[in-house]
Amino acid sequence: MVRTTDAIAALFEQAGIETVFGFPCEQMDPYYASLAESDLRHVLARSEASAALMADGYARAARTVGVVDGVSGPGAAYMGVGLCEASGASSPVLALTGGNDRENRGNGVIQDGDNEAILEPFTGTTADAETPDRAIEHVEQALRAATSGVPCPAQVNLPEDVMREETEREPRGDVSADYPRSRPEPDAEAISDAAELLAEAERPVVVAGEGVLRAGASDALATFAETADVPVVTSMNGKGAVAETAPYALGVVGRWGFCQVANDAVEDADLVFGFGTRFGELTSVGWSLVPEDVPLVHVDLDPEWLGRNYEPTVGIRADLRATIDALTDAVRDGASTRGDDAADAKRADRIEALADDRRAWREDHSDDLTSDTEPIKPQRVVGELNDRLPADAVLVSATSFPGFFSGAFYETERPGLGYLQARGSDGINVCLPQALGVQAALPGRPVVALSGDGGIGYHISDLETAAREDLPITVVVTNNESLGSSKMSQLGTYNVDQSTDFHEGVDYSQVARGFGCAGERITDPGRVGPAIEESLDAEVPTLLDVQVDPYAAPPVLVD
């Protein structure tokens with residue numbers, strides 16, 4: 001006989017989970033007692049919201065389920081902040097809520113709440129454990145649901161009396177927290193149809209989304225692009241689907257933080273491949289960018305998004321890596337039988353011309369990327385990050401202005417996870433805790449959080465978490481003393497500026513030092529690059545408060 005929570009902790013270890021996140025509460029004391037006796041690392045965050053966002057970052061970087069725990073009622077509500085992002089990004093996060101004893105629920109006991117109802121909008125499955133055996137069963141099922149097919153968050157409510165009780169039930173041996181759990185093969189006829197369309201196309205283009213990264217298909221996509229001479233553009237969170245320094249990589253496509261060459265390539269295409277992308281409003285510029293009269297091959301594992309925004313000529317619901325590999329094989333087979341060297345040379349020449357166009361586009365922005373003006377241009381900050389971060393670094397960017405600038409001008413140097421932005425929820429609050437989760441999953445790799453001063457304010461207390469947990473991230477705050485995107489929007493649409501300015505002179509580096517981190521306030525453009533390098537070599541988390549031009553405008557398209 002073992003305590004219920006001992007069995008749950010053993011299940012996590014057996015499933016391959018090494019780190020969990022949370023904010024302790026008395027209702028979950030049996031769970032914490034079990035954690036203390038296990039090999040699991042528990043990271044104390046400064047709120048359930050930041051703990052859930054750390055679990056999301058951990059899940060994406062470790063490619064295993066992220067686990068977050070917290071109290072019933074208010075704790076569950078705070079968890080919803082993180083699960084909102086995880087749900088929108090198809091990230092497998094398991095939320096454990098500590099409920100009150102079954103006999104006391106609903107009778108005015110403290111921190112009571114219908115946790116399933118609170119978190120149901122953001123989860124693929126919820127459960128309320130009524131017995132110790134069912135508690136273990138529910139956690140097993142939640143891990144399966146979170147990782148089977150399209151990843152998703154899940155929630156299990158654990159009443160305190162159930163956690164205290166003992167059970168003879170042992171965890172099943174076939175439960176894994178890794179994803180993807182399966183790789184459904186594509187339909188052979190659909191692959192043949194897509195290959196025929198490609199053979200006839202002169203100006204094909206791939207639009208790659210975060211699904212490519214989730215499927216671990218980056219290397220497969222690089223091989224396809226090289227074999228078929230097809231350029232690749234990405235959604236914002238598709239950055240890293242291919243190395244952005246490759247000649248066929250044209251950068252981010254869409255409305256915000258885009259490369260004009262990428263947008264032009266899609267508008268000029270005579271065949272569009274959509275790999276793991278939803279063709280959402282931002283990526284498609286309000287569903288106006290993809291030509292309506294050209295064939296579309298859409299590949300996605302998620303049936304809710306396959307063909308949802310554009311009707312595909314060929315729709316393939318299958319694993320992305322398996323599908324891209326099959327397409328590459330079809331291209332090779334077709335080339336060996338067709339022998340159309342002139343067509344192949346024409347596509348290769350197009351790749352070279354587009355690479356030249358992208359270099360010219362970047363050169364057009366070089367004055368801003370290397371500017372010595374004060375206040376510092378945000379482009380200069382991103383330019384220094386691009387030059388100073390090693391190839392294995394992960395840049396976790398906030399949305400809004402930091403995301404617009406980094407999306408356009410930061411280039412991942414190798415395929416795979418090298419960039420992350422909260423496009424699941426578009427919340428400016430996500431960056432810092434998400435970066436801490438990434439660092440917990442990847443202790444040997446540099447992790448940099450790029451946030452505005454608006455975003456950093458949400459979870460700034462988690463700088464203490466970084467110091468306490470020895471998570472040596474670098475936090476770069478582009479401080480324009482305002483909500484820059486909201487300011488630009490208000491001025492541009494109604495010629496007003498209402499409630500977008502913060503108190504003048506807030507020194508976030510001093511706040512960081514108070515939390516036990518290193519910190520520096522930067523006003524000299526020439527200091528940005530060296531400070532970034534020094535922070536990467538430091539053994540403690542470091543915050544760089546960079547004073548930037550509040551009127552610098554990123555690449556955006558407005559109606």
Carefully, step by step, assess Tyr419 and Ser406 under the rule side-chain hydrogen bond (donor to acceptor under 3.5 Å, both in side chains).
CA-CA 9 Å; Tyr419 182 90; Ser406 61; 2.8 Å; yes
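- Listed for the Glu481 side chain is no donor-acceptor partner under 3.5 Å among the backbone atoms of Glu504.
- For the atom pair CE of Met488 and CZ of Phe404, the computed distance is 6.5 Å after rounding to the nearest 0.5 Å.
- Panel note: side chain Asp392, backbone Pro446; no donor-acceptor pair is recorded below 3.5 Å.
- The only option from Arg521, Arg513, Arg527 that meets the salt bridge (charged side-chain N to carboxylate O under 4.0 Å, His left out) definition with Asp545 turns out to be Arg521.
- For residues 422-445, every residue pair satisfying the salt bridge (charged side-chain N to carboxylate O under 4.0 Å, His left out) rule, not counting sequence neighbours, is listed here: Arg423-Asp426.
- We find the CG-CD distance between Leu83 and Glu48 to be 11.5 Å, quoted to the nearest 0.5 Å.
- The closest donor-acceptor contact from the side chain of Asp300 to the backbone of Leu306 lies at 3.5 Å or more, if one exists at all.
- Using a distance-only test at 3.5 Å, with no hydrogens or angles considered, no donor-acceptor pair links the side chain of Asp549 to the main chain of Lys377.
- Using bins of under 30°, 30° to 60° and over 60° for the plane-to-plane angle, the ring pair Phe273/Phe275 lands in the tilted bin.
- Between Val232 and Ala225, the closest heavy-atom pair is CG2-CB, 3.9 Å.
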Give the C-alpha distance, both sets of side-chain angles, the deciding distance and a yes or no for side chain to side chain contact (heavy atoms under 4.5 Å, CB included) between Val272 and Val294.
CA-CA 7 Å; Val272 176; Val294 305; 4.2 Å; yes
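- In summary, the aromatic rings of Phe409 and Trp361 are positioned with their centroids under 6.0 Å apart.
- Looking only at distances, a side-chain donor or acceptor of Thr542 sits under 3.5 Å from a matching main-chain atom of Val540.
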